[in-house]
Amino acid sequence: PASVAADFAAITRAHRHLYWSVAPATLHPAVQAHAALGCALLTETTGQTRRTVAAALAESYLLAGRIEFFDLREADRTGGTLLLALQAAGEADDPLLGAAILAHTAFIPGWAGQRDAAVERMIAARTYARRGAASAELLAWLDAVEAECETRCGNTRAALRLTGHAEDILATGSEHPSPPWLDWFSPVRLAAFKGNTQLK
C-alpha cells in the first residue's frame with residue numbers, strides 16, 4: 001500500500017541525513033538491509049506506489065555506493081551497487097536520479113586514471129540529465145564530477161574549464177529546484193573541487 005511506500009521513503013531520507021553524522025561503517029549495513037527490504041517491496045507494488053518505492057530504493061543503493069567508494073574505499077564493490085541503483089532509478093522513471101548515479105560511476109575509472117571510461121560515463125549522465133528538469137546545481141555538479149576525473153587523469157586545464165562552466169551555471173541559476181537527495185553539492189563544494197585542481 002501507499003503508506004508502506006511512504007514509510008520506506010521516509011527511512012531512506014533518514015539514512016541520507018544520518019550520513020553526515022554517523023560513522024560510515026556503522027550506517028552502511030543499515031542502508032544495505034533497508035535496500036534489501038526495498039527489493040522485496042518492489043515485487044509487491046504497482047503504479048505510483050511502485051515508483052515511490054523504486055525511487056527510494058535507488059537513493060538507498062546510491063547512498064550505499066557513496067559509502068563504499070568515498071568512505072570504505074571499496075571501489076571494486078561500488079560498481080555493482082551503483083548498477084542496482086541505476087536499475088531502480090529506471091523502475092522509478094527518474095532520469096535525474098539516473099544521471100546522478102551514472103556520474104558516480106564515472107568516479108571509479110576517473111580515480112583510476114582511466115579517462116576514456118570516465119568521460120563515456122559522464123556523457124551518459126548528461127544524456128540522462130537532459131531527459132528531466134535538471135537544476136543548475138545538478139548540472140554544475142556534473143561539471144564538477146568530470147573536472148575531478150580530469151584532474152585525477154592529469155588534465156587540469158580541462159578540469160578548470162569545467163569548474164569555470166559550473167560557476168557560470170550556478171551564477172545564472174535555473175527555474176528548476178534541486179532534488180532533495182542532492183545534498184552533497186553547493187557553491188562551497190564547487191570551490192573545493194576547483195581548489196583541488198588548482199593545487200594539482
State, with a plain yes or no, whether a side-chain heavy atom of [X] is found less than 4.5 Å away from one of [Y].
{"X": "Trp181", "Y": "Leu96", "answer": "yes"}
{"X": "Glu150", "Y": "Val119", "answer": "yes"}
{"X": "Ile169", "Y": "Thr172", "answer": "no"}
{"X": "Pro109", "Y": "Arg121", "answer": "yes"}
{"X": "Pro180", "Y": "Arg16", "answer": "yes"}

Can Glu59 and Thr12 be counted as having a side-chain donor-acceptor contact under 3.5 angstrom?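 Glu59 vs Thr12: no donor-acceptor pair found between side chains.
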What I want to check is whether the side chains of Tyr19 and Asp183 have a donor and an acceptor closer together than 3.5 Å.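 Checked: Tyr19/Asp183 side chains show no N/O donor-acceptor pair below 3.5 Å.
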To the nearest 0.5 angstrom, please state how far the CG atom of Leu83 sits from the CD1 atom of Ile101.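 Answer for the CG-CD1 pair, Leu83 versus Ile101, is 10.0 Å.
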CZ on Phe193 to OG1 on Thr151, rounded to 0.5 Å: 9.5 Å
Does the ring of Tyr128 carry Arg131 above it, NZ/CZ under 6.0 angstrom from centre and within 45° of its axis? yes
Axial cation check for Trp184 ring with Arg66, 6.0 Å and 45° limits: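 Yes, cation above the ring, under 6.0 Å and within 45°.
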Please list all pairs meeting ring pair (Phe, Tyr, Trp, His ring centres under 6.0 Å) that have one or both residues in residues 39-61, counting only residues at least two apart or in different chains. none
Count the heavy atoms belonging to other residues, nucleotides or ligands that lie under 6.0 Å from CG of Asp7, then report whether that count exceeds 12. yes
Check the surroundings of atom CD in Glu120: do more than 12 heavy atoms from other residues, nucleotides or ligands lie under 6.0 Å from it? no
Would you call [X]-[Y] a salt bridge at under 4.0 Å N-O?
{"X": "Arg50", "Y": "Glu91", "result": "yes"}
{"X": "Glu146", "Y": "Arg126", "result": "yes"}
{"X": "Lys194", "Y": "Asp143", "result": "no"}

If we check ring pair (Phe, Tyr, Trp, His ring centres under 6.0 Å) with His104, which of these qualifies: Trp141, Phe69, Trp111?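 One option only clears the test, and that one is Trp141.
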Run the side-chain contact (heavy atoms from CB on, under 4.5 Å) check on Leu160 and Arg157 step by step: do they pass? CA-CA 5 Å; Leu160 288 173; Arg157 286 188 180 180; 5.8 Å; no
